[in-house]
Amino acid sequence: MNRHTEGLSMRENKLLSLLNQMTLDEKIAQLMQLATPFFKGAKEQGQITGPMAEMGVTGEVVQNSGSVLGASGANEIINIQRTHLEENRLGIPLLFMSDIVHGFKTIFPVPLAIGCSWDLKLTEKSAEIAAKEASVSGVHVTFAPMVDLVRDPRWGRVMESTGEDPFLNSEFARAFVRGFQGQDLTTEVERVAACVKHFAAYGAPEGGRDYNTVDMSERELRENYLPAYQAALEEGCEMVMTAFNTVFGIPATGNKRLMRDLLRKEMGFDGVLISDWGAVKEMIPHGVAENEKEAAYKAITAGVDIEMMTTAYVNHLKELVEEKMVDESIIDEAVLRILQLKEKLGLFENPYRGANVEREAEVVMGAEHLNAARELAAKSSVLLKNEQLLPLHKEQKVALIGPFAESGDILGPWSWLGSRDEAVTVKEGFLSKTSSLTVSKGCDIESITDLQVEEAMKAASEADVIVLALGEDSEMSGEAGCRANIQLPSAQLQLIGHLKSLDKPMVAVLFNGRPLDLHGVLDETDAVLEAWYPGTEGGNAIADLLYGDVNPSGRLTMSFPYHVGQVPVYYNHFNTGRPQGAPDAQERYVSQYLDIPNDPMLPFGFGLSYTTFTYSGMTLSRETMSEAESLDISIQVTNDGPVAGDEVVQLYIRDHSGEVIRPVKELKGFKKISLKPGETTNVMFTISEEQLRYHHSDLQYTSDPGTFTVFIGRNSKDLTEKTFTLTK
């Protein structure tokens, strides 16, 4: 036994010894996660109202519980931990967990926007910064990343995903986990444990409605929805959160096949599994548990270690053990996993870990963090249209109009501790570039008055160019923020119509958490910048882009529908037996709409720049490849425009004949390159047989011999192609 193995063995023996000293009641309480107000030392201690008050949690349960939800700030967390250790019989420290989704106090763009950066290094850096701020403030675990594949923009939580592609989501899942956790959680106290969510397929609710039913084949689940979870686990993600939805007709939180067989045995996850908020008890309205006792039985036998914010475990697990319906060894397994995570975080030796009041004041929202937020906000924004209007000139008189002109509501949902007062507004960003600025609100998010229109028209009439700051209130997106109408609110479309009558150049800057139906915006303005919810430095980043100090480089990772009636609409769809011919053909008896196109308004991978790139000379290293060989694909990319810029070169594959139907194209690689004006570079990709595999009808993951097309281009629609053959 080497020294490292001996050390591990000693720690495991210590934890087993601790477990053996615990009573059954103490073990069960360790599986309970409670919100901050339940704990002594919390700023809001005792402020337990509504559903929390109805839980009926005793002081003994709180004293023995294992983790805290939503505490923040080094001082508060140190106070809670100190008090807890004084009262807990065995001195077992608490785990502090929070939703640090796209920043702690320094807020980065929402994850859907981050995906549009196609920048894995900067994504990892954003998670590292979030972890640093969170850890110094006392947090141990973040409920991120969310890696759910999303195809329906009606669902509010698309803002929390990185898009509609399983390969790209997997790459971002890895980057987020690396950023949050680093290399060694025990020694790197400025990192936090990551919790990948929501397992599984939460991103596919029927009707785009949160918490709704999910129903798909196991082949579809494995092919498109599981890869990003698997990638996060391969990167060492310490925790997994269950989904609210059903999988195979059973709620995920009580789904033994999903959790014990698939997640633990097949995918190899041996970390902590936590329910989402209240999900254990929600098995009752789901209709698979008659009462709390049955819900507790199903959750613990499915392998859920921590019950978040319901009391089925503490009220019924002891009874289930006494009735021999649940073996105590199952509870021991769950407790041991929690203790192992606490040990890995070093909490037994240092229960306060990275929490430090003095360091917190220095680290949180430091200059380096704000600069990174500004850079990522700029790289995440996507230029959707530009009729030779952008970039603006600093001598131009600008009328900045719209409900987001001076609003700090640009942080987005899940910006937990972010302050709107500390967010850089669009107005503030513009004033850092020009003094030729007039500002008018024009309308509210969902209402407009004659006086607002009058003031906006006056401001616009005196300007050379109109910049509209439009979008969704952050409450219109995120969890429970589902919308059937995904156009801008009508008041804002009316504002555009009024200003259009002035016949002046107009730029629209959009703040939103989902792809929108952009009729009334894209067709009525001269330039459109999709800024999403850009975070703390949003106003500065937008000014950098609009004035040309930064060249837009974002590319969409979720298709923008032509109409909500197309939804779900995504690039990697199937061809059908009666495919449409030309996109605008209106022949009968093919798979098409009679009144709208099949194609989205803006495709996956789309985005404009202030320069132009041309692709030429695509070559393949061979026309036939065997299983043991690889294929090199190269193409020349030239910046033939006036300024330096970044291009996202995208590689797609189509398998023309499979054992089951295959998508019309699948992203298999991308490279983000920077080119000066007139510069040309050779971009090369390598394809192996492994990248051509897919799940067959028997769920085996293999490839088939046959013809493939390889595509390279600037988005999923504008592509150069060549074919090759795979032989066995």
Side-chain angles (χ1 to χ4, degrees), residues 381 384-387 389-411 420-476 485 487-512 516 518-534 538-547:
S381 298
L384 303 181
K385 180 180 181 180
N386 186 23
E387 298 293 338
L389 176 56
L390 297 176
L392 301 175
H393 305 294
K394 293 182 180 178
E395 64 272 11
Q396 286 176 303
K397 294 180 181 178
V398 174
L400 176 60
I401 299 171
F404 285 92
E406 299 182 80
S407 174
D409 186 18
I410 60 172
L411 304 181
R420 294 182 183 182
D421 292 336
E422 294 174 318
V424 179
T425 66
V426 181
K427 176 185 175 182
E428 290 167 336
F430 267 65
L431 287 174
S432 71
K433 307 290 184 183
T434 181
S435 57
S436 300
L437 184 71
T438 57
V439 180
S440 177
K441 193 172 186 181
C443 67
D444 292 302
I445 298 293
E446 297 188 86
S447 63
I448 188 168
T449 67
D450 291 342
L451 180 59
Q452 287 175 323
V453 172
E454 182 182 335
E455 291 174 347
M457 295 290 280
K458 183 177 184 300
S461 66
E462 299 169 357
D464 299 319
V465 61
I466 302 166
V467 176
L468 292 162
L470 309 170
E472 301 176 306
D473 181 285
S474 59
E475 290 299 311
M476 298 168 74
N485 179 358
Q487 286 188 293
L488 278 183
S490 61
Q492 297 181 51
L493 296 177
Q494 290 175 50
L495 177 64
I496 294 174
H498 287 298
L499 294 170
K500 179 74 171 177
S501 67
L502 296 175
D503 197 27
K504 294 203 174 207
M506 283 201 297
V507 181
V509 180
L510 302 176
F511 299 90
N512 45 287
L516 298 171
L518 291 179
H519 283 98
V521 182
L522 207 60
D523 47 345
E524 296 295 323
T525 59
D526 303 287
V528 179
L529 180 71
E530 175 56 81
W532 307 104
Y533 296 114
N540 282 331
I542 289 163
D544 289 342
L545 290 163
L546 294 188
Y547 280 95

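From a predicted model like this one, the values you see are computed outputs, not experimental measurements. Quick note: residue numbers are just sequence positions, from 1. Atoms considered below: every heavy atom in the structure, side chains included; atoms not considered: hydrogens, waters and symmetry mates.
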Heavy-atom closest contact (Ala423 atom, Gly408 atom, distance): CB-O, 3.9 Å
Donor-acceptor contact present, side-chain Asn386 to main-chain Leu384, <3.5 Å: no
To the nearest 0.5 angstrom, please state how far the CG atom of Leu488 sits from the CD atom of Glu446. 11.0 Å
Indicate the atoms forming the closest heavy-atom contact of Leu495 with Gly402, along with that distance. CD2-CA, 4.4 Å
Rounded distance [0.5 Å steps], NZ in Lys504 versus NZ in Lys397: 9.0 Å
Heavy atoms of other groups near Lys500 NZ, more than 12 under 6.0 Å: yes
Of all heavy-atom pairs between Gln487 and Asn485, which one has the smallest distance, and what is that distance? N-OD1, 3.0 Å
Minimal non-hydrogen separation, Ala399 against Ala460, with atom names: CB-CA, 3.8 Å
What do you reckon, is CD of Glu475 surrounded by more than 12 foreign heavy atoms closer than 6.0 Å? no
Side-chain contact test, heavy atoms from C-beta onward, threshold under 4.5 Å: evaluate it for Ser474 versus Arg420 and give yes or no. yes
Where do Tyr547 and His393 come nearest, in terms of heavy atoms and distance? CE2-O, 3.8 Å
Parallel, tilted or perpendicular: rings of Phe404 and Phe511 (30°, 60°): parallel
Give the table of side-chain donor-acceptor pairs shorter than 3.5 Å for residues 436-443, with sequence neighbours excluded, one pair per line with atom names and distance.
unit_1 : atom_1 : unit_2 : atom_2 : d
Ser440 : OG     : Ala456 : N      : 3.4
Lys441 : NZ     : Asp444 : OD1    : 2.7

If the test is side chain to side chain contact (heavy atoms under 4.5 Å, CB included), which one of Asp544, Leu392, Asn540 qualifies with Lys433? Asp544
Check the pair Ile410, Ile542 against side-chain contact (heavy atoms from CB on, under 4.5 Å), reporting the backbone distance first and the verdict last. CA-CA 11 Å; Ile410 60 172; Ile542 289 163; over 6 Å; no
Inter-residue atom distance Thr425.OG1 - Phe430.CZ, 0.5 Å rounding: 10.5 Å
Just to verify, which of Ile496, Thr525, Asn512, Leu516 counts as forming a side chain to side chain contact (heavy atoms under 4.5 Å, CB included) with Leu470? Ile496
Let me confirm one number: the CE-CD1 distance from Met506 to Ile466, rounded to the nearest 0.5 Å. 5.5 Å
I'd like to know whether Glu454 forms a salt bridge (charged side-chain N to carboxylate O under 4.0 Å, His left out) with Lys458, so could you lay out the CA-CA distance, the side-chain angles of the two residues, the decisive distance to 0.1 Å, and finally the verdict. CA-CA 6 Å; Glu454 182 182 335; Lys458 183 177 184 300; over 6 Å; no
Mark yes or no for whether Gln492, through its side chain, and Pro489, through its backbone, hold a donor-acceptor pair below 3.5 Å. no
Nearest 0.5 angstrom please: Leu518 CG to Glu530 CD, how far? 7.5 Å
Can a donor-acceptor pair be found, under 3.5 Å and without considering hydrogens, that links the side chain of Lys427 to the backbone of Glu406? no
Could you tell me which non-hydrogen atom of Ala469 sits nearest to which non-hydrogen atom of Ala405, and how far apart they are? CB-N, 3.6 Å
Out of curiosity, Leu389 CG to Leu546 CG, how far, rounded to the nearest 0.5 Å? 9.0 Å
